[in-house]
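Quick note on labels: first sequence line is chain A, next is B, and so on, each numbered from 1.
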2 protein chains.
Amino acid sequence: MDSTPTFNVLVPDCPSREIMQRLGDKWTPLVMLTLASGPLRFSELRQHIGSVTPKVLTSTLRTLERDGLVDRQVTAQVPIRVDYELTNLGLSLLEPMDAIRIWSEKHAAKVMAARELFDEN
Amino acid sequence: MDSTPTFNVLVPDCPSREIMQRLGDKWTPLVMLTLASGPLRFSELRQHIGSVTPKVLTSTLRTLERDGLVDRQVTAQVPIRVDYELTNLGLSLLEPMDAIRIWSEKHAAKVMAARELFDEN
DNA sequence: GTACTCAGTATCTAAAGGATACTATCAAAG
DNA sequence: CTTTGATAGTATCCTTTAGATACTGAGTAC
């Protein structure tokens with residue numbers, strides 16, 4: 001008697017597929033990995049990440065907040081202060097995300113070499 | 001004396017960042033996980049994945065091939081047969097990708113609940 | 001009132017993704 | 001022979017997402 005619904009990304013209409021596809025959007029992993037070392041303000045996040053525009057960063061953060069992965073704390077001081085922090089759910093995603101990061105860094109040279117070879121032909 | 005170049009996705013211009021962002025494009029994880037159980041033809045991939053259009057599947061596969069993650073085998077029979085298969089490099093990415101898949105399936109319900117809560121307010 | 005900081009919006013353009021229809025190849029059926 | 005059918009894609013058009021850049025609102029300091 002297992003009442004837990006099962007999710008399977010390989011089934012087209014399974015909600016887990018859409019969630020996995022969201023996790024891999026362009027800035028989500030970078031935002032999460034940047035928040036891994038602790039809460040940051042909006043402007044700090046921008047500076048750390050570097051090439052993201054405010055519009056896109058805002059929408060990425062809103063989606064993360066909506067999905068329960070990031071918590072947004074507004075402090076009414078002057079100027080206003082907004083801190084972003086990983087939730088427990090967000091923290092639980094950090095390890096898988098970091099595995100992707102480590103793979104990317106470890107195999108970047110191989111991927112670049114493969115690209116050169118491919119583009120030659 | 002370490003001559004290995006170091007990559008860091010948190011550095012804006014590091015190639016590993018672009019590679020990580022590519023890995024998380026919309027269909028890449030799904031294609032790789034679908035190929036995890038063995039080689040598949042183009043049409044079989046389409047059927048397994050379900051909702052992907054041929055144009056997008058083709059471009060996803062070309063990118064994967066270019067990055068050295070997938071191998072494309074053409075067999076000149078009639079009708080023509082094209083098989084796609086993970087390379088060793090692609091296989092090495094499977095474990096991190098699968099960790100993301102497992103997380104998505106395990107926490108899908110929590111994410112959906114967070115969304116409902118967020119949308120109420 | 002002017003200036004400054006912070007956290008965003010607004011507007012416009014460019015790139016990526018999606019729906020749908022079409023093509024090339026060749027073999028077997030009629 | 002002409003038609004049908006399978007496979008692996010392209011081509012075309014349209015919508016959605018991302019990027020560049022400029023601007024806004026709140027509020028204290030000067």
> Cluster question for you: counting only ILVMFWY and a side-chain heavy-atom cut-off of under 4.5 Å, with indirect links fine, are B:Leu86 and B:Val74 together?
Replying inline: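 Yes; tracing contacts between hydrophobic side chains, which count when under 4.5 Å, links both residues.
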> Linking I/L/V/M/F/W/Y whenever their side-chain heavy atoms sit closer than 4.5 Å, directly or via other members, would B:Leu91 and B:Leu89 fall into one cluster?
Replying inline: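 Yes, B:Leu91 connects to B:Leu89 through the hydrophobic network.
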> On DNA chain D, nearest-nucleotide positions of B:Arg62 versus A:Ser59: which is more 5'?
Replying inline: B:Arg62
[N] phosphate, OP1 or OP2: any side-chain N/O from [X] under 4.0 angstrom?
{"X": "B:Ser43", "N": "D:dT7", "result": "no"}
{"X": "B:Arg72", "N": "D:dG9", "result": "yes"}
{"X": "B:Tyr84", "N": "D:dT7", "result": "no"}
{"X": "A:Trp27", "N": "D:dG19", "result": "yes"}
{"X": "A:Thr58", "N": "C:dG8", "result": "no"}

Between [options], which nucleotide has the shortest distance from any of its atoms to the side chain of [X]?
{"X": "B:Arg41", "options": "D:dT7, C:dG8, D:dG9", "answer": "D:dT7"}
{"X": "B:Thr53", "options": "C:dG18, D:dA8, D:dG27", "answer": "C:dG18"}
{"X": "B:Ile80", "options": "C:dA7, C:dC6, D:dT7", "answer": "D:dT7"}
{"X": "B:Pro54", "options": "D:dA18, D:dA8, C:dA21", "answer": "C:dA21"}

Please report the distance, rounded to the nearest Å, between [atom1] in [X] and [atom2] in [N].
{"X": "B:Ile49", "N": "D:dG9", "atom1": "CD1", "atom2": "P", "value": "14 Å"}
{"X": "B:Gln77", "N": "C:dA28", "atom1": "CD", "atom2": "P", "value": "13 Å"}
{"X": "B:Gln21", "N": "D:dA18", "atom1": "CD", "atom2": "P", "value": "11 Å"}
{"X": "A:Glu65", "N": "C:dA7", "atom1": "CD", "atom2": "C1'", "value": "14 Å"}
{"X": "B:Leu57", "N": "C:dG18", "atom1": "CG", "atom2": "C1'", "value": "13 Å"}
{"X": "A:Arg46", "N": "D:dA18", "atom1": "CZ", "atom2": "C1'", "value": "15 Å"}
{"X": "A:Asp83", "N": "C:dC6", "atom1": "CG", "atom2": "P", "value": "13 Å"}
{"X": "A:Gln73", "N": "C:dA7", "atom1": "CD", "atom2": "C1'", "value": "16 Å"}

> Could A:Arg22 and A:Glu18 be called an ion pair, given the rule that one side-chain N must be under 4.0 Å from one carboxylate O?
Replying inline: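 Not counted as a salt bridge, because no side-chain N and carboxylate O are separated by less than 4.0 Å.
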> Of A:Pro79 and B:Val52, whose closest DNA chain C nucleotide lies nearer the 5' terminus?
Replying inline: A:Pro79
> Counting heavy atoms not belonging to A:Glu116, are there more than 12 under 6.0 Å from its CD?
Replying inline: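 Check fails, neighbour count at 12 or below.
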> Hey, does A:Leu35 have a side-chain heavy atom less than 4.5 Å from the side chain of A:Tyr84?
Replying inline: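 Sidechains of A:Leu35 and A:Tyr84: in contact.
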>> Tell me whether the side-chain N or O atoms of B:Lys55 pair up with the base of C:dG18 as donor and acceptor below 3.5 Å, since no angle test is needed here.
In response: yes
